[in-house]
*Asks:* 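Structure in structure tokens, see below.
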Amino acid sequence: MQKFSICFISFFVLFSFSMINIFFFSYFVMNNLVYILEWELISFSSMSIVMSILLDWMSLLFMMFVSLISSVVIFYSKSYMSSELNLNRFIILVLLFVFSMILLIISPNIISILLGWDGLGLVSYCLVIYYQNIKSYNAGMLTALSNRVGDVFILMVISWMMNYGSWNYFFYLDFMVNDYMMMMISVMIIMAAMTKSAQIPFSSWLPAAMAAPTPVSALVHSSTLVTAGVYLLIRFNSLLIDMFFFKVLLLLSGLTMFMAGISANYEFDLKKIIALSTLSQLGLMMSILSMGFPDLAFFHLLTHAMFKALLFMCAGVIIHMMNDIQDIRFMGGISNFIPLTCLCLNVSNMALCGIPFLAGFYSKDLILEMVSMSNLNFFIFLLYYVSTGLTMFYSFRLTMYLMINDFNLLSVYNLYDEDYVMLKSMFTLMMMSVLSGSMLMWSIFSYPYMIYLPLNIKLMVIYVSILGAFLGYLMSNMNIYSMNKYLKSYNLSSFLCLMWFMPNLSTYGLNFYFLNYGQLMLKNIDMGWSEFYSGQGLVLILKNYTVFYSFFQMNNNFKIYLFSFVLWVCFLMMFMMIYLNSL
Amino acid sequence: MMKFLMMMIFMIPLCFKKNMFWMVQMMLFLMMYFFMNLMINVMYYCNLSYMYSCDMLSYGLILLSIWIIILMLMSSESLYKMNFYPNFFMFNLIMLLIMLFLTFSVMNLFMFYLFFESSLIFTLLLIIGWGYQPERIQAGMYFLFYTLFASLPLLLGIFYIFNKMNYIMIYFMKFFNFNLYLLYFSMIMAFLVKMPMYFVHLWLPKAHVEAPVSGSMILAGVMLKLGGYGLLRVLILFQKVGLKLNIIFIIISLLGGFYLSLKCFCQVDIKSLIAYSSVAHMSMVIGGIMTMNYWGFIGSYILMIGHGLCSSGMFCLANINYERLHSRSLYINKGMMSLMPSMSLWWFLLMSSNMAAPPSLNLMGEISLINSLVSWCWLSMFLLMLISFFSAGYSLYLYSYIQHGKFYLGIYSFYMGLSREYLLLMLHWLPLNILIMKIDYFMIWF
């Protein structure tokens, strides 16, 4: 019965779903079909709220990738999470996560996209806080709240789209481009996409979300959560192509790419390095998207999903081997012990760097060549190429630390490469990271891109890669004396290694003010003025009056009171008599 | 409508027999079923009998109050187990239900006022009768006097309208239009205190903290909605003056909603936190009603129903923890996921509904309210964004503080969730998320 565990069943279902999607994808792309299904919830005031499903080659292909990766990840977690008590909870959460992502992929309606969009945020929160420790608690809160910013922007987009009479943004993108409201909508959509895809003001959650179990990281950081923003902007791209904000997005995403690349070089946590490389690749996707090449961004999104999931899975295996130690300074020389895992790791790393004829090469090289062809300034050009070099830099540094340098773990260790459940799932993805680039290139581009470049610019990718690899080699062999040189530029180093202080700014930098303000409000209004002018204050006034009058009544003045009463009655009698006499 | 009234009245003797706790609940379920099958027209008042009637607005709220009363019985099983005056408790609930039913179904504005106030008495009995701590007397006083203080002007306002127009049927109010400032304030202040609006909300956290679980449920579930119902009915009188003065209340409630969401982060008492969060949600409702447009009205209605189910469910959850740990403090209610993993699911579901996650009614309500408020003035967008963002913040704060981390080591004994409790929570959550399929019942009602 072990065979029919929840992992196996989920794997089977998702894998078959993926195969179905391949079939439909090829059918749709061959016949150039788009299906839109609509279920109307309500229609009034000539506004209709619908739940819509859009099936075209893009959504089908993306669903195929998502379900393939998630099926493999679930299969992998059968071994990775085998000692987990609540394995069912874990798998159900992962399935919910995949389900939300699929809902997000297929809905072209800004209301029904919330189902997937919010669902991703919530379920990712549950997955990030899966382990019961403070670090994952904080990381989960940061992730959920950063994503919530995006949700709020989507909610606002709904209110701005109300005037169009429907929330199927699909129909308005071409005709309403010059509308003022569409401009507001696009700004907010960009903000929402930036939170989900962790672009610069919001990027602190992405490395923090590493507190999740590794299979979740493999899923979150490859194909699902972080690509949701990119996917949304791909859908909105036809509208936003010639807007000023897209140039801002280009700058921000270029800077994200650069920042993540540098921070990855300072990092010693295995998973965090990979997370930062994800951030860098997301910056690449976003930036090429904002230059007006949505199909290239989508292409890179898919290939990146494959090798990044593989990279995380390899990292998970290594973390298991290393007795749950994630610090790469403890590792080294593991290619002697676990060659198959290292094979996968190397393939995915090389695909990430864009070594020719692996998956990353097709998309990344094309992107960089299109950048060189485009009419852009030198700064953007520099950001792209330096970041490409940095990718090679940290990948090579990681490889050196993991595989070449000396083994630094405790003297008692147990490395084994016979976990076939993990290996099978990794090999599936390794196949895909080798093949998917060329496969996708053939299937999704109906005509080839024309590239025409001078030789040196054409070879610029190779130059920066070789330079990056060399620097990475040097970095990995630094001794303690050279390391201490960092202290000379301490401020700069901490700026660069703490992701430009973004984690600090988006946690300590923000919450203090709001919490303090809330406390102030609680003290001054709820327990202060409001209470003074209604509850307690009223009691105080009444009490004071009561005391005042009872002072005259209860003390020795009682006889004065009585006397005055008698006097008053006498006066009353007198007046009555006068009055009666006058009748 | 009389048949339901009769049914409830004849349920009163049942309350005083022994061991009839679940019987009463079953009868109420039966009544709920009958009421659900009531023939209801979308646009007009129907089921007119004597002075009772029902349109979509009151239909939904009556359904909500019957449902909440049923669930209150279900959640207060411990009273029955410990024989803590269960008969009188049931009697109290039935009387409360009668009052709520009449409040929502009468057509006469004065009778509405009468039942509106008399429902106060039974809630007060619930709080000071079955509360836990001596402070419940103060909380009851706050509750009573805050609402009474503002509702006497309402009575005078109703008399004024009667004096001017010679009839005060709610249906005919759409033909009147008063352009009087004082009348406007006197007519709506009672409802704003009941909602409660910011600045006059102090009674609510106090009452919630001191009330037993059933008291909290009815307070959050239905009593707050009385105010919203009253506003929805009465504002039609003040269309002109409302255009000038509603801005005051919108601003107070939007700013107040933001401040209240911040205050939620300073709470260490679970019930107080939920109470503050419901005030924050209600402030959005006030904002939506006060814009006096279609989206605002339907949005406030949907959010009232959704919030009634959701916050009532959250109070149930708080009570489930309280029955096990005997504390409402967030510092003691910790790490519950290790102890009650299945209950954690319900915490998460209700928490996520509270922060307006799809597909809950709260989401639909918030979308409608945001639509109405942004179309009223686009600057309200900023406050709405803050409210919406922080609502997620405090919901997650509540959830993660209770569920995550190490559990309190002073726990002596513990028991898992009972099937009654799971059923209770499911009956809160399921309508909240299923009703979105039939959202047109909430969206086309006037």
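Note: hydrogens, waters and symmetry copies are ignored here, and every other heavy atom, side chains too, is used. Quick note on labels: first sequence line is chain A, next is B, and so on, each numbered from 1.
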*Asks:* For the side chain of B:S375 and the backbone of B:S372, is there at least one donor-acceptor N/O pair under 3.5 Å apart?
*Replies:*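 It does hold such a pair.
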*Asks:* Main chain of A:N168, side chain of A:S166: is a donor-acceptor contact present, judged purely on distance under 3.5 Å?
*Replies:*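 Yes; judged by distance alone, with no hydrogens or angles, the pair exists.
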*Asks:* Given B:S360, which partner from the list B:N354, B:L349, B:N433, B:I436 fulfils the side-chain contact (heavy atoms from CB on, under 4.5 Å) test?
*Replies:* B:N433
*Asks:* For chain A, which candidate among B:L363, B:V200, B:V374 shows the most heavy-atom pairs at distances under 4.5 Å?
*Replies:*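 If we count pairs closer than 4.5 Å to chain A, B:V374 comes out on top.
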*Asks:* Any non-hydrogen side-chain atom of B:Y399 less than 4.5 Å from a side-chain atom of A:Y125?
*Replies:*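 In short, these two side chains touch, coming nearer than 4.5 Å.
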*Asks:* Does any backbone or side-chain atom of A:M162 lie under 4.5 Å from a heavy atom of chain B? Answer side chain, backbone, both or neither.
*Replies:*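 When you check distances to chain B, only side chain atoms of A:M162 fall under 4.5 Å.
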*Asks:* Just by modelled atom types, is the B:V268 backbone N or O under 3.5 Å from a matching donor or acceptor in the B:Y331 side chain?
*Replies:* no
*Asks:* Any chance OH of A:Y131 has more than 12 other-residue heavy atoms, nucleotides or ligands included, within less than 6.0 Å?
*Replies:* yes
*Asks:* Please answer whether the main-chain N or O of A:V50 pairs with a side-chain N or O of A:N109 as donor and acceptor at a distance below 3.5 Å.
*Replies:* yes
*Asks:* Give the interface residues of residues 522-538 of chain A toward chain B, defined by a heavy-atom separation under 4.5 Å.
*Replies:* A:L522, A:I525, A:D526, A:S530, A:E531, A:S534, A:G535, A:Q536
*Asks:* Flag the one option from A:C126, A:G116, A:G121 with the top tally of heavy-atom pairs under 4.5 Å to chain B.
*Replies:*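 Winner by heavy-atom pair count: A:C126.
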*Asks:* Taking the six-membered ring for Trp, is the centroid-to-centroid distance between B:Y394 and B:Y276 below 6.0 Å?
*Replies:* no
*Asks:* Pick one of side chain, backbone, both or neither for B:Y401, based on which atoms fall under 4.5 Å of a heavy atom in chain A.
*Replies:*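 Interface part for B:Y401: both.
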*Asks:* Where along residues 138-145 of chain B does a heavy atom come under 4.5 Å of chain A, listed by residue number?
*Replies:* B:Q138, B:Y142
*Asks:* So, using ring-ring contact (aromatic ring centres under 6.0 Å, His included) as the criterion, who are the partners of B:F199 when residues are at least two apart?
*Replies:*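 Testing B:F199 for ring-ring contact (aromatic ring centres under 6.0 Å, His included), a comparison that skips the adjacent residues, returns none.
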*Asks:* Picking from A:M161, A:R89, A:M156, A:M184, which has the most non-hydrogen pairs under 4.5 angstrom with chain B?
*Replies:* A:M156
*Asks:* Would you check if the side chain of B:W429 reaches a backbone N or O of B:S353 as a donor-acceptor pair within less than 3.5 Å?
*Replies:*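 Side chain of B:W429 to backbone of B:S353: no pair is present.
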*Asks:* Is it the backbone or the side chain of B:Y198 that comes under 4.5 Å from a heavy atom of chain A, or both, or neither?
*Replies:* side chain
*Asks:* Less than 4.5 Å to any heavy atom of chain A: does that hold for the side chain of B:K438, its backbone, both, or neither?
*Replies:* neither
*Asks:* With chain A as the partner, which of B:G405, B:A392, B:S400 has the greatest number of non-hydrogen pairs under 4.5 Å?
*Replies:*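 Looking at each option in turn, the highest pair count goes to B:S400.
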*Asks:* Does the side chain of A:D179 pick up a donor-acceptor pair with the side chain of A:Y164 at under 3.5 Å?
*Replies:*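 Note: A:D179 and A:Y164 side chains meet the donor-acceptor criterion.
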*Asks:* Testing A:I154, A:L104, A:V157 for side-chain contact (heavy atoms from CB on, under 4.5 Å) with A:L114, which one passes?
*Replies:* A:I154
*Asks:* Using heavy-atom distances under 4.5 Å, tell me whether B:W295 contacts chain A through its side chain, its backbone, both, or neither.
*Replies:* side chain
*Asks:* Measure up the A:Y517 and B:F258 rings against each other and bin them: parallel (under 30°), tilted (30 to 60°), perpendicular (over 60°).
*Replies:* tilted
*Asks:* Taking only heavy atoms into account, what residues of residues 336-346 of chain B are found under 4.5 Å from chain A?
*Replies:*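 Answer by number: B:M337, B:S338, B:P341.
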*Asks:* At a heavy-atom separation under 4.5 Å, does B:L396 approach chain A through its side chain, its backbone, both, or neither?
*Replies:*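 Contact with chain A: backbone and side chain both.
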*Asks:* Side-chain contact test, heavy atoms from C-beta onward, threshold under 4.5 Å: evaluate it for A:Y130 versus A:E84 and give yes or no.
*Replies:* yes
*Asks:* Give a yes or no answer on whether the side chain of A:N516 reaches the backbone of A:F512 with a donor-acceptor pair at less than 3.5 Å.
*Replies:* no
*Asks:* Strictly distance-based, threshold 3.5 Å: is any side-chain N or O of A:N133 a donor or acceptor partner for the main-chain N or O of A:S136?
*Replies:* yes
*Asks:* With a 4.5 angstrom heavy-atom cut-off, could you sort out which part of A:Y137 is near chain B: side chain, backbone, both or neither?
*Replies:* both
*Asks:* Heavy-atom distance under 4.5 Å to chain A: side chain of B:L373, backbone, both or neither?
*Replies:* neither
*Asks:* Locate the shortest heavy-atom distance separating A:G140 from A:I129; write the atom from each residue and the value.
*Replies:*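 Taking every non-hydrogen atom into account, CA-CG2, 3.8 Å.
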*Asks:* Side chains of A:R148 and B:S388: do they bring a donor and an acceptor to under 3.5 Å?
*Replies:* yes
*Asks:* Report which part of A:W160 has an atom under 4.5 Å of a heavy atom belonging to chain B: side chain, backbone, both, or neither.
*Replies:*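 When you check distances to chain B, only side chain atoms of A:W160 fall under 4.5 Å.
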*Asks:* Taking side chain as everything from C-beta outward and backbone as N, CA, C, O, which of these in B:Q267 sits under 4.5 Å from a heavy atom of chain A? Side chain, backbone, both or neither.
*Replies:*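 For B:Q267, the contact with chain A is made by the side chain alone.
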*Asks:* Could you tell me which non-hydrogen atom of B:M284 sits nearest to which non-hydrogen atom of B:L303, and how far apart they are?
*Replies:* CB-CD2, 4.5 Å
*Asks:* Is there a donor-acceptor contact under 3.5 Å from the side chain of A:R235 to the main chain of A:S107?
*Replies:* no
